[in-house]
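Step one of this worksheet: look at the structure below.
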Amino acid sequence: MTTETRPPEAAEKAARGVHSPGRAAIAQRHLRLDRWWLPQVLTAAGLLLFIGYSTWRAFFGLHTSYAAPYVSPFYSPCLAANCPQMDGGADWALFGGWWRLSPALIVLIFPLGFRMTCYYYRKAYYRSFWSSPPACAVAEPHAKYSGETRFPLILQNIHRYFFYLAIPVAGILTWDAILGFRDAQGHWGHMGLGTLVLLVNVSLIWAYTASCHSCRHIVGGRLRHFSKHPVRYRMWTWVSKLNARHMQLAWASLFSVGLADLYVYLLASGAFSDPRFF
């Protein structure tokens with residue numbers, strides 16, 4: 001009879017994940033036969049693509065952030081003195097000439113903070129980048145789990161406050177879309193393809209914002225009797241329908257923001273002229 005002796009590295013590895021103390025005694029890492037890893041790979045690729053594109057545009061896109069009457073959603077509201085002059089737009093020089101970096105770095109804090117702390121996006125990047133857990137019924141590789149009780153993940157709990165900040169930003173983007181019904185000289189009564197791009201973008205942003213779990217709680221939370229609050233109950237049912245599509249709206253609005261910025265960039269760089277409907 002022989003006794004198996006494991007090296008310290010193997011013993012330490014075996015004590016992790018499902019083999020760590022206090023975890024369920026399951027020998028297999030998972031019993032799934034499908035391609036459970038494919039959604040995580042696609043999610044990571046999509047998020048990395050957007051992060052790379054938005055970083056490039058935030059640092060090097062100031063000179064192509066405005067093509068009258070359209071403004072990139074990455075640069076609105078523009079809160080620095082080095083903003084382009086936008087006729088009627090939200091170019092508020094709250095930060096003086098001392099701010100030398102791109103003004104997009106100021107405003108992007110609010111929508112990115114809202115999205116990074118969003119319940120769906122947490123699930124997306126927790127699984128794709130941290131494998132916590134990598135998928136349903138697939139064991140995570142971490143020896144212990146502390147959840148969002150420690151720094152920095154405890155900051156995820158300020159999601160509702162980013163929701164409050166996302167509301168005025170969406171309102172400003174709505175005004176930007178309305179300004180799209182002008183021509184390059186500022187005359188009203190015109191509509192181009194860029195107007196449609198901005199309208200679709202802000203519609204998806206509002207739908208994504210309204211489908212947020214924090215919005216659903218604010219509208220209908222802490223009510224003991226829906227019958228005594230018919231208006232809030234009706235609003236809660238509408239938000240609940242959107243909430244069921246929160247994941248789809250998250251990706252659709254993320255794609256539309258990038259597309260709207262790309263469209264303004266192509267116009268400002270002279271790649272083509274904005275097609276006019278009237």
Side-chain angles (χ1 to χ4, degrees), residues 35-67 70-80 82-84 95 99-135 152-153 155-156 158-159 162 165-166 169-170 172-173 176 193-194 197-198 200-205 207-209 212 246-272:
R35 297 179 180 178
W36 57 266
W37 47 267
L38 184 59
Q40 279 67 278
V41 172
L42 295 177
T43 298
L47 292 177
L48 288 174
L49 179 63
F50 181 81
I51 291 172
Y53 174 79
S54 60
T55 301
W56 168 65
R57 289 291 292 147
F59 279 97
F60 304 106
L62 178 59
H63 63 290
T64 54
S65 62
Y66 182 66
Y70 311 124
V71 59
S72 164
F74 287 177
Y75 287 83
S76 184
C78 205
L79 303 178
N82 56 348
C83 296
F95 288 69
W99 182 266
R100 300 295 183 180
L101 299 176
S102 171
L105 299 178
I106 304 174
V107 67
L108 284 178
I109 294 175
F110 307 118
L112 287 181
F114 177 58
R115 288 182 181 268
M116 288 184 64
T117 58
C118 163
Y119 291 171
Y120 166 69
Y121 279 113
R122 294 187 211 181
K123 168 188 172 183
Y125 62 76
Y126 280 9
R127 289 187 172 186
S128 299
F129 296 110
W130 297 343
S131 296
S132 183
L153 296 185
L155 296 178
Q156 303 280 31
I158 64 176
H159 175 62
F162 276 117
L165 295 173
V169 173
I172 293 171
L173 295 182
D176 293 336
L193 180 59
V197 170
L198 295 184
V200 171
N201 176 53
V202 76
S203 299
L204 289 173
I205 287 178
Y208 166 65
T209 304
C212 169
H246 194 49
M247 179 185 73
Q248 293 87 342
L249 291 171
W251 281 105
S253 59
L254 191 71
F255 176 78
S256 69
V257 167
L259 180 62
D261 173 80
L262 178 62
Y263 189 84
V264 174
Y265 163 73
L266 293 175
L267 289 180
S269 60
F272 60 87

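Numbering starts at 1 and runs along the sequence shown.
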*Worked check of side chain to side chain contact (heavy atoms under 4.5 Å, CB included) between F129 and L48*: CA-CA 10 Å; F129 296 110; L48 288 174; 4.0 Å; yes
*Give the intermediate values and the outcome of side chain to side chain contact (heavy atoms under 4.5 Å, CB included) for residues T117 and L155.*
CA-CA 8 Å; T117 58; L155 296 178; over 6 Å; no
*asked:* Using the rule given for side chain to side chain contact (heavy atoms under 4.5 Å, CB included), can you reason through Y70 versus L198, listing the C-alpha separation, both sets of side-chain angles and the distance that settles it, and then say yes or no?
replied: CA-CA 8 Å; Y70 311 124; L198 295 184; 3.8 Å; yes
*asked:* Walk me through whether L38 and L42 qualify under side chain to side chain contact (heavy atoms under 4.5 Å, CB included).
replied: CA-CA 6 Å; L38 184 59; L42 295 177; 4.2 Å; yes
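Between F272 and L193, the closest side-chain pair of non-hydrogen atoms is not below 4.5 Å. By the 4.5 Å heavy-atom criterion applied to side chains, L101 and F95 are not counted as neighbours. The shortest side-chain heavy-atom distance between Y208 and C118 falls under the 4.5 Å cut-off. Residues W99 and L105 form a side-chain contact, since some pair of their non-hydrogen atoms from C-beta on lies under 4.5 Å apart. Side-chain contact check for F74 versus Y265: every heavy-atom pair is 4.5 Å or farther apart. The shortest distance between side-chain heavy atoms of P103 and N82 falls below 4.5 Å. Contact of the P77 side chain with the I172 side chain is registered, since non-hydrogen atoms from C-beta on lie closer than 4.5 Å. Taking 4.5 Å as the limit, every side-chain heavy atom of Y263 sits out of range of all side-chain heavy atoms of L266.
Remark: K123 NZ to S132 OG distance equals 13.5 Å, nearest 0.5 Å. Between the CG atom in D176 and the OH atom in Y66 there is a gap of 9.5 Å [rounded to 0.5 Å].
Between the side chain of T43 and the backbone N or O of Q40, no donor-acceptor pair lies under 3.5 Å. Side chain of Y125 to main chain of M116: a donor-acceptor pair is present (N/O by atom type, distance under 3.5 Å, no hydrogens or angles). Side-chain atoms of N201 come within 3.5 Å of backbone atoms of V257 as a donor-acceptor pair (strictly under, hydrogens ignored). R115 places a side-chain N or O within 3.5 Å of a backbone atom of A250 that can act as its donor or acceptor partner. A donor-acceptor distance shorter than 3.5 angstrom exists from the side chain of S54 to the backbone of I51, with no hydrogens or angles considered. Remark: side-chain polar atoms of S65 are paired, donor with acceptor, to backbone N or O of L62 under 3.5 angstrom. A donor-acceptor pair under 3.5 Å links the side-chain atoms of Y53 to the main chain of L262, judged by distance alone.
No side-chain donor-acceptor contact under 3.5 Å links S102 and R57. Side chains of Y120 and W251: a donor-acceptor N/O pair is present below 3.5 angstrom, by distance only. Residues D261 and Y75 have side chains that never bring a donor and an acceptor to within less than 3.5 angstrom of each other.
A pairwise comparison of heavy atoms in I205 and A170 identifies CG2-CB, 4.1 Å as the closest pair.
Within 6.0 Å of the CZ atom in F255, the count of heavy atoms belonging to other residues, nucleotides or ligands does not exceed 12.
Ring pair H159/Y119 is tilted by interplanar angle, where 30° to 60° counts as tilted.
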